[in-house]
Amino acid sequence: MSAWSITTPIYYVNAEPHIGHTYTTVVADTLARYHRLAGDDVFCVTGTDEHGDKIAEVAAAAGEDPRVFADRISNLFRSTWQELGLSFDRFIRTTDPDHVRAVQHVLELVHAKGDIDFREYRGLYCVGCERFLTERDMVDGLCRDHERAPEERTESNYFFRMTRYFDALGEKIEREPDWIRPARYRNEVLAMLREDSGLEDLCISRPKTRLDWGIELPFDPDYVCYVWFDALINYLAALGYPDQPGWEARWGGVEHLIAKDILKPHGVFWPCMLMAADLPLYQHLNVHGYWNVDDRKISKSLGNMVSPLKMRDKYGFDAFRYFLLRDMSFGLDSSFSEEALVTRINADLANNLGNLVSRTLNMTARFADGVVPEPDAAGPLEAGVEAAAREAAREVATRMRELEMHRALEAIFRLVDATNKYLDERAPWKAAKEPERAGEVRTTLHTCCQALRSIGLLLSPFVPDTAAEILDRVGATDALASARLPDDAERWGAVSPGTPTRKGDALFPRIELETGDA
RNA sequence: GGCGAUGUAGCUCAGGCGGUUAGAGCGAGGGUUUCAUAAGCCCUAGGUCGUUGGUUCGAGUCCAACCAUCGCCA
């Protein structure tokens, strides 16, 4: 038994949950479910990031207290995940008192160590934006947004001296090639650490005169903590750092899941912060790509945000999460469209899986009195199905270690295919017409029930409701309670003859593509 | 402008330690079957492996340049 702490980013409360948030959260949920079924000790965390100027601005514009605004959006995230059946051991908010304490604790540690210093700097400040501009923000010397000249201004802030840790971090990454994965992102982080990348010490504060919606610095009440020294520490706080029992064990097995847009904070800032605080580094940083929608980037202005609740209402959440997990190669960008979703549902879930369940249980009802039949001796065809189950179980275990969920699902569906093919080869609907072949019919249906049990177990982390339904229909209702993956999915003979089965309705009815209006 | 990634059948992608006829799934076409959700099963894809040049007996597979897309940085 090993400890797995699985984290999603804490989502910034300036947007409602969309397909991007949903994907990361579904991956976390799937990993957590898989490891629970593997008998591991799992702690799964998500939450919301609520401080910073964007929230202060939006709240002010609405004439609202930022706290009230943040409460509303944070609750929206929490209730969305709950409604979708994505469960977590902790939903953390950066406004939670224990998070605030953890942030201040780390700040004190790092400050005492001498890794935080106070610096004065000059820059071009836009009064409209209320911030310093970079070259990128300007066109012809004017602020891009406000079309006015910024003024030179001096400000003092606290800086985290993270460049001190770049060498040590680089060595860590060289030493452990899969620490940041997939490899493409590891390379990017290495590039960031090179001297010519321009990456410097990190500004971690804002004067309260400019922003007061944040966590106060423990060593200077005139400043609040800015962005990453606040947000990243949620990962520690959620596990109980610094004073709740058990946090260290959980921290020992942390798997971070992020999208590629926040690679730098997680691949560079965060490990440097942990080293500065003399804390162990996370197990892996797992980085995935973006979802495009109808081949375009997700954006508010395009209105193509894809609400997970709407997808659930229209197609069922298992179908939606199956698509997300099956169609994205972890690490690469992928494209969502309802057409692609429907295609996937029909091909995999309706035709292959759903239909296999239908035909198996229908024949069990017709030819075996609706109970799992007593088999005769197994022949080579039966051995083939058993071997397919074994292969699927093992490949799923391998793929899950690498976070290649699309490959894991491919492997499971090879078992589904093998079972469909087996059924055709045995053709029990023909054998049933010949009384002397009754034993063969029983053996065949018994084997299919066995296969469905394996399929249900393996599928459970990915499409939990569907998997539970399949197991229930083949009389393996209790299988999940005592299951241990992957071994249990390849254990043959676990379905007891005589157990009642249930035919049920179509698991995934085929969907006809609608012609126009949406 | 610098660094990096990607570019393989209509679509999504495998292969990429150089070597027999370049693979899978989906979609499409044909066949077969009827237990099943007009599902399953069987057969069929002849794709200059982005372009051009090089290394080699031999290159999607190595090297260079270029083009396209994307990301990071400036």
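Since the structure is predicted, the reported quantities are computational estimates derived from the model, not experimental observations. Here is the naming used below: chain letters follow the sequence lines, and residue numbers restart at 1 for every chain.
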Over all strands shown, is Arg407(A) touching base, sugar-phosphate only, or nothing at heavy-atom distances under 4.0 angstrom? sugar-phosphate
Under a cut-off of 3.5 Å for both distances of each Watson-Crick or G-U pair, what dot-bracket string does RNA chain B give, using [ ] for crossing pairs and | for inter-strand pairs? (((((((..((((.....[...)))).(((((.......))))).....(((((..]....)))))))))))).
Here the distance between atom C1' of C73(B) and atom CG of Asp261(A), to the nearest Å, is 16 Å
Report the distance from atom CG of Leu341(A) to atom P of U12(B), rounded to the nearest whole Å. 17 Å
Report, as yes or no, whether the 6.0 Å neighbourhood of atom CG on Asp313(A) holds more than 12 heavy atoms from other residues, nucleotides or ligands. yes
Could you state the atom-to-atom distance from CG of Leu190(A) to P of C72(B) in whole Å? 17 Å
Lys/Arg-Asp/Glu bridge criterion (N-O < 4.0 Å) met for Glu391(A), Arg414(A): no
Is the distance between the ring centroids of Tyr235(A) and His266(A) less than 6.0 Å? yes
Say you pick atom C1' in G31(B) and the same atom in A38(B); how far apart are they, in whole Å? 16 Å
Tyr422(A) OH to C42(B) P, straight-line distance once rounded to whole Å: 16 Å
With a 6.0 Å cut-off on ring centres, are Phe330(A) and His406(A) close enough? no
By nearest heavy atom, map Arg344(A) and Ala191(A) onto RNA chain B; which one lands nearer the 5' end? Ala191(A)
For Lys264(A) and C73(B), is the shortest distance between a side-chain N/O and OP1 or OP2 below 4.0 Å? yes
Salt bridge or not between Asp178(A) and Arg186(A)? Use side-chain N to carboxylate O under 4.0 Å. no
Would you confirm whether the ring centroid of Phe160(A) sits within less than 6.0 angstrom of the ring centroid of Phe269(A)? no
Please encode protein proximity along nucleotides 30-39 of chain B as a string of B, S and -, counting only heavy-atom distances under 4.0 Å. ---SSBBB-S
Which value, in whole Å, describes the distance between the P atoms of nucleotides C49(B) and U8(B)? 11 Å
Taken to the nearest whole Å, CG/Leu409(A) to C1'/U12(B) is 15 Å
Regarding Glu382(A) and Arg426(A), does a basic nitrogen lie under 4.0 Å from an acidic carboxylate oxygen? yes
Inter-nucleotide P distance (U48(B), C11(B)), Å rounded: 13 Å
What distance, rounded to whole Å, do you find between the two P atoms, one in C63(B) and one in U6(B)? 12 Å
Whole angstroms only, please: what is the OH-C1' distance between Tyr185(A) and G4(B)? 12 Å
Whole-Å C1' distance, G18(B) and G58(B): 8 Å
Which of parallel (below 30°), tilted (30 to 60°) and perpendicular (above 60°) describes Phe336(A) and Trp291(A)? perpendicular
Between P of U69(B) and CG of Asn292(A), the distance in whole Å: 15 Å
When you compare C70(B) with G29(B), how far apart are their C1' atoms, in angstrom units rounded to a whole number? 36 Å
Strictly under 6.0 Å, is that where the ring centroids of Phe413(A) and Tyr322(A) end up? yes
Give Asn420(A) one of three labels, base, sugar-phosphate or nothing, depending on what nucleic acid heavy atoms sit under 4.0 Å from its own. sugar-phosphate
